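As the structure is a computational prediction, the values presented were derived from the model and not from experiment. The sequence lines fix the lettering, A, B, ..., with proteins before strands; numbering per chain opens at 1.
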Amino acid sequence: MEVNPIIQNVFAPPVLFFLIGAISVFFKSDLEIPAPLPKLFSLYLLLAIGFRGGIEIQKSGFTDQVLPTLSAAILMSLIIPLIGFVILRYKFNVFNSAAIAAAYGSISAVTFISAESFLESQNIDFDGFMVGALALMESPAIIVGLLLVKFAAPKNRPNSRKMHLSAILHESILNGSVYLLLSSLIIGFLIASTNPSGIEKMEPFTKDLFYGAECFFLLDMGIVAAQRLPSLKKAGSFLIAFAIFMPIFNSLIGVFVAKLLTLGPGNALLFVVLCASASYLAVPAAMRMTVPEAKSSYYISTTLGLTFPFNIVLGIPIYMSLVNKVIPLSPL
Amino acid sequence: MEVNPIIQNVFAPPVLFFLIGAISVFFKSDLEIPAPLPKLFSLYLLLAIGFRGGIEIQKSGFTDQVLPTLSAAILMSLIIPLIGFVILRYKFNVFNSAAIAAAYGSISAVTFISAESFLESQNIDFDGFMVGALALMESPAIIVGLLLVKFAAPKNRPNSRKMHLSAILHESILNGSVYLLLSSLIIGFLIASTNPSGIEKMEPFTKDLFYGAECFFLLDMGIVAAQRLPSLKKAGSFLIAFAIFMPIFNSLIGVFVAKLLTLGPGNALLFVVLCASASYLAVPAAMRMTVPEAKSSYYISTTLGLTFPFNIVLGIPIYMSLVNKVIPLSPL
Amino acid sequence: MEVNPIIQNVFAPPVLFFLIGAISVFFKSDLEIPAPLPKLFSLYLLLAIGFRGGIEIQKSGFTDQVLPTLSAAILMSLIIPLIGFVILRYKFNVFNSAAIAAAYGSISAVTFISAESFLESQNIDFDGFMVGALALMESPAIIVGLLLVKFAAPKNRPNSRKMHLSAILHESILNGSVYLLLSSLIIGFLIASTNPSGIEKMEPFTKDLFYGAECFFLLDMGIVAAQRLPSLKKAGSFLIAFAIFMPIFNSLIGVFVAKLLTLGPGNALLFVVLCASASYLAVPAAMRMTVPEAKSSYYISTTLGLTFPFNIVLGIPIYMSLVNKVIPLSPL
Amino acid sequence: MKRLDLIFSERELDAILKTLEKANVPGYTVMKHATGRGPERVVTEDMEFTGLGSNAHVIVFCEQELIDQMREDIKAELSYYGGVAYISEATPL
Amino acid sequence: MKRLDLIFSERELDAILKTLEKANVPGYTVMKHATGRGPERVVTEDMEFTGLGSNAHVIVFCEQELIDQMREDIKAELSYYGGVAYISEATPL
Amino acid sequence: MKRLDLIFSERELDAILKTLEKANVPGYTVMKHATGRGPERVVTEDMEFTGLGSNAHVIVFCEQELIDQMREDIKAELSYYGGVAYISEATPL
Ligand SMILES: Nc1ncnc2c1ncn2[C@@H]1O[C@H](COP(=O)(O)O)[C@@H](O)[C@H]1O
Ligand SMILES: Nc1ncnc2c1ncn2[C@@H]1O[C@H](COP(=O)(O)O)[C@@H](O)[C@H]1O
Ligand SMILES: Nc1ncnc2c1ncn2[C@@H]1O[C@H](COP(=O)(O)O)[C@@H](O)[C@H]1O
Ligand code: NA
Ligand code: NA
Ligand code: NA
């Protein structure tokens, strides 16, 4: 690769739109995308990524790599929150530590989408079953986070409410974004199996439009991320450092697991990005309901204000270099 | 046909998205599509179905079948409310009976769209002029409903306001959804006549995107329908039975009229679906304004909560079998 | 040209949708497109027109015509407000005169888009760099308007706040719509230069969908324009006359400047339309913030309620005839 | 000064605003997209895309006299179509 | 009659409405998409698409007794999750 | 406790919120997308996509002293750009 991959990444439409969104905030432009329009794009992206992933999984079938990779993905989303928790406990109480750790164990679908776009622009192959990993990594991290609170929290948890296992499962699996992604994936799979003509009719919506809608949504994400920055300052330098170094650390674990799994470079990048990204949809929803003691600005400002932009702009190309170093290009 | 048509229908993307919407409610997922996004899709579908219908009508010209079919459609939307009214009067007062009957005499554009998608997936032909029938069946049912109230209501109608004929016409023809459908149809017709190059430029929006937008809207309709179910229980078993048997009864009349009209199987199915479907857009708007004595939950919960899902999931394939039985496949 | 160009223009989908929007208001239909859906389409159109313009500019390169045309465009947007101001001062105070004049010096992106659609339907060529003129004409008119207030307003301006140059620049350049158009243009240019494969992936969103989205937005603009008419009557006949004759007057200046610039008929029409159109996005935002003494209904009702519909329906074909008369078809 | 809160279906908005204009109120504020429940009806968010429509919440700050003037008209409208109206005290800042 | 204003995260809307229904209030009005700041939290518009959600503003016109009846339940909910509740006087039109 | 209702163009929202923050109010709630009419201007829904913007309705529950503290700043803002401000009584639940 001749050109610096970071530069190459920055000159992709989604990243550029993200940047002009962020810049508009710094220059105090009154550009805004009013609610609920961002929700429309967010729902659309989840539906489309799920649907297309389901089709790809059906097409490629369950190869040897699928089961080990999905298992490893779930494992990562169980282990990363534990590591994050231990680190965060230096500075934060159990509630905040568990909530932030869960966010970093879980994933960000839009970061994943951006990594896919990056791979496509570099003509690097990847497999549809990685969307399965995406879908499977949201819930386990939430469960770990809630169990950490359940067992590590002081017994005299103020205003405590009983946290039933059923509530934990409900929050982790039936969260709107998890549910939409999973069920769209199942629909895609079913359609590809039983009714392939349906795919073609969906594609103008789920495929052709996707890239542009991604750009539009990233324009908004740029605005949102930049608006979060001030409240990050209040959160303190420990958390700011955490929001950058935790993804890098997770990407390092991720790349070695990807090597063990003998993933190709495309799948490896996606795996690393799943490890490195942090959730701002499912995890905040679950934590707000079940651990109101945790300060929401901690877990939302770090994920949206720092980790997300870092991954989108710098992280993905950095992880790609990492993958290229660690995983020798096998002659496939 | 080897495979059960109901199963075949269920494995189409629109129906599957409808089902996951409904299931999300049963599992108490927090998936939601906030207002006014459903309105966006609803407006889009009306505009696109009208526009495309207008083009088709212009292309196919006014064949021998057009006038009889459209006249029969109007006739059906005048007769069905009368039958419904007589049945409903066993249990309900004049106001409620007239409002519910009008809803069942009128049509549901999204049910019609779903029937078109079903026909396409089965490679069965149908004609563009059936959209004309769709557009023409909304208003007459409203007019009949309002005349029923005007003449059958007790003379000492409490809080009565004079119901002028002009108000009745206004509510029935200038209702937003009727107006958008009709005027888009006219635009489509005009463009096809005078400026065919305009069609091509519209198609990515009105045609390619249509199927995906239909799925997205049906996802929301699934949520809405499932949320309506509890209030249906309150409405009582008579109304629940009515919401299932009235469409079946109407489909039976419809299929024989279709036979008399010598419609092909595709057009016949659409005709039957128009008879069997019930309105949740134009009729509720008109009834709310002019017959506030009618309980809106009666006519909205039956149409949205029961008749619509029944038609989408089971009705359409059942009506197709009916059509196939009653209308012998002529060797065209 | 055989057919009357006005008739030809009216039978284009965008104009027809505009008209049915307006007609729905006259017939008191309850058709409405609720906020923030119009904002979605407005943002989309700005993003897409900017992006595509940026690509075109990069493709065609900076020809000899680019610099003179862009300079002339800026000049026009500086001069027109001055002329408008002098005329308006016969009837209005400094504040109202400056605000209205600025609106007419600035441009309307949707009028520009409609002119492009008109040219395409007539198979007349035009250049991408005209979008540059579009982007450059918004701010100067605002600056002139604000300077007019700064220097012409009575010294004892009631409730006066200091109007710093920085505030003026901020309002004129960092206005949301100006910023989005300009930055999308830059992104389009950058992508076309560095990453042409990105263009193709954006096109279903920015190009294929464009025409349909334009129609949908014009449907809403028809509603909005017609709703503005009553408040125009209150504004008085002087302002009504101004809202029609000022665009015509500006188009006359425009066509002669276009001739001087030796623009081809397509570019000439776009240049004329930029001169003749009036702003309802950037200028009202700026005036509201910095010149609250001006009555907003004056500048918003004239631009939206009269000048915009006039240009869309009658203006564009009239200007085209004008261009065809003044600019002899050179044998290119 | 008084504060008048009116909550009713957005379908009646034009009629209510006409009543307010007729009484020459100094101003009013409208917030749409409200949902809720009254003695009989439930208004949910999904009604926004159906023909029923959701609720509007109208606030009017004005003198007691104006309220007395509009009372009968507003009450007639609300008793026919449903909706609530409440008055409270308010002091200009 | 009293007017009760409740402002809290839309995530708790179902729980609060259940409390209102349990007390048999004659009705209520809900306005979503509210943002704001409380003693601890800031709720901005962008939270509508994230998992946090924005605020809901609920208005209830009812008798004082009903309020007394609901007080403990509402306070428990709001003290756990945040939000404010205020009562004022209101007279039916 | 008092309840302060402010209604004004959303374009001034930042300035008003800055004033509230300066006075250290315990919190506030913002509802956007309000329309309405004042003595001079009419604000309709279509202004949301034009440059004018619609109205914001801000509610503040706070002590009288805080209101006294903010009064001049708020009045200056509202008299320049338009908008209304009213105070009423409110008791915490
Ligand atoms: N007691 C109440 N408190 C607050 N809002 C109410 C009350 N009663 C009715 N409403 C509102 O008024 C609307 C119309 O009520 P209804 O008279 O039942 O049609 C409801 O949907 C509620 O939004
Ligand atoms: N003093 C106040 N005045 C008005 N609204 C408030 C006030 N305090 C809190 N709120 C609202 O209640 C929401 C929840 O507050 P909190 O208790 O901080 O979570 C805030 O986001 C505000 O919308
Ligand atoms: N008397 C009033 N009652 C309720 N709202 C008002 C009143 N006067 C003005 N408003 C609101 O305040 C906004 C700005 O008013 P104005 O001062 O005319 O610019 C209006 O658009 C209304 O929403
Ligand atoms: Na992660
Ligand atoms: Na029917
Ligand atoms: Na101009």
Checklist outcome for this item: Honestly, the part of A/N175 sitting under 4.5 Å from a heavy atom of chain E is neither

Item to check | Engaged part of A/L281 at the chain E interface, taking heavy atoms whose separation is under 4.5 Å | outcome: both

Item to check | Closest non-hydrogen atom pair, E/E48 against A/K39 | outcome: O-CD, 3.7 Å

Next on the checklist: Is A/L40 close to chain E through its backbone or its side chain, or both, or neither, when contacts mean heavy atoms under 4.5 Å?
Outcome noted: neither

Next on the checklist: Do E/E45 and A/Q227 have side chains that approach each other closer than 4.5 Å (heavy atoms only, starting at C-beta)?
Outcome noted: no

Item to check | Interface moiety of A/A282 toward chain E, non-hydrogen atoms closer than 4.5 Å | outcome: neither

Next on the checklist: Given E/F49, which partner from the list A/Y44, A/F41, A/F217 fulfils the ring-ring contact (aromatic ring centres under 6.0 Å, His included) test?
Outcome noted: A/F217

Checklist entry - About how many Å separate CG of A/L304 and CG of E/D46, when rounded to the nearest 0.5 Å? => result 7.0 Å

Next on the checklist: A quick test of your reading: do over 12 heavy atoms of other residues, nucleotides or ligands sit less than 6.0 Å from CG of E/D68?
Outcome noted: yes

Checklist entry - Any chance CZ of A/F238 has more than 12 other-residue heavy atoms, nucleotides or ligands included, within less than 6.0 Å? => result yes

Item to check | From E/L52 atom CG to A/M287 atom CE, the distance as rounded to the nearest 0.5 Å | outcome: 11.5 Å

Checklist outcome for this item: So, the part of E/R41 with a heavy atom under 4.5 Å from chain A: the answer is side chain

Checklist entry - Ignoring hydrogens and geometry, is there a side-chain-to-backbone donor-acceptor pair from E/Y81 to A/M289 under 3.5 Å? => result yes

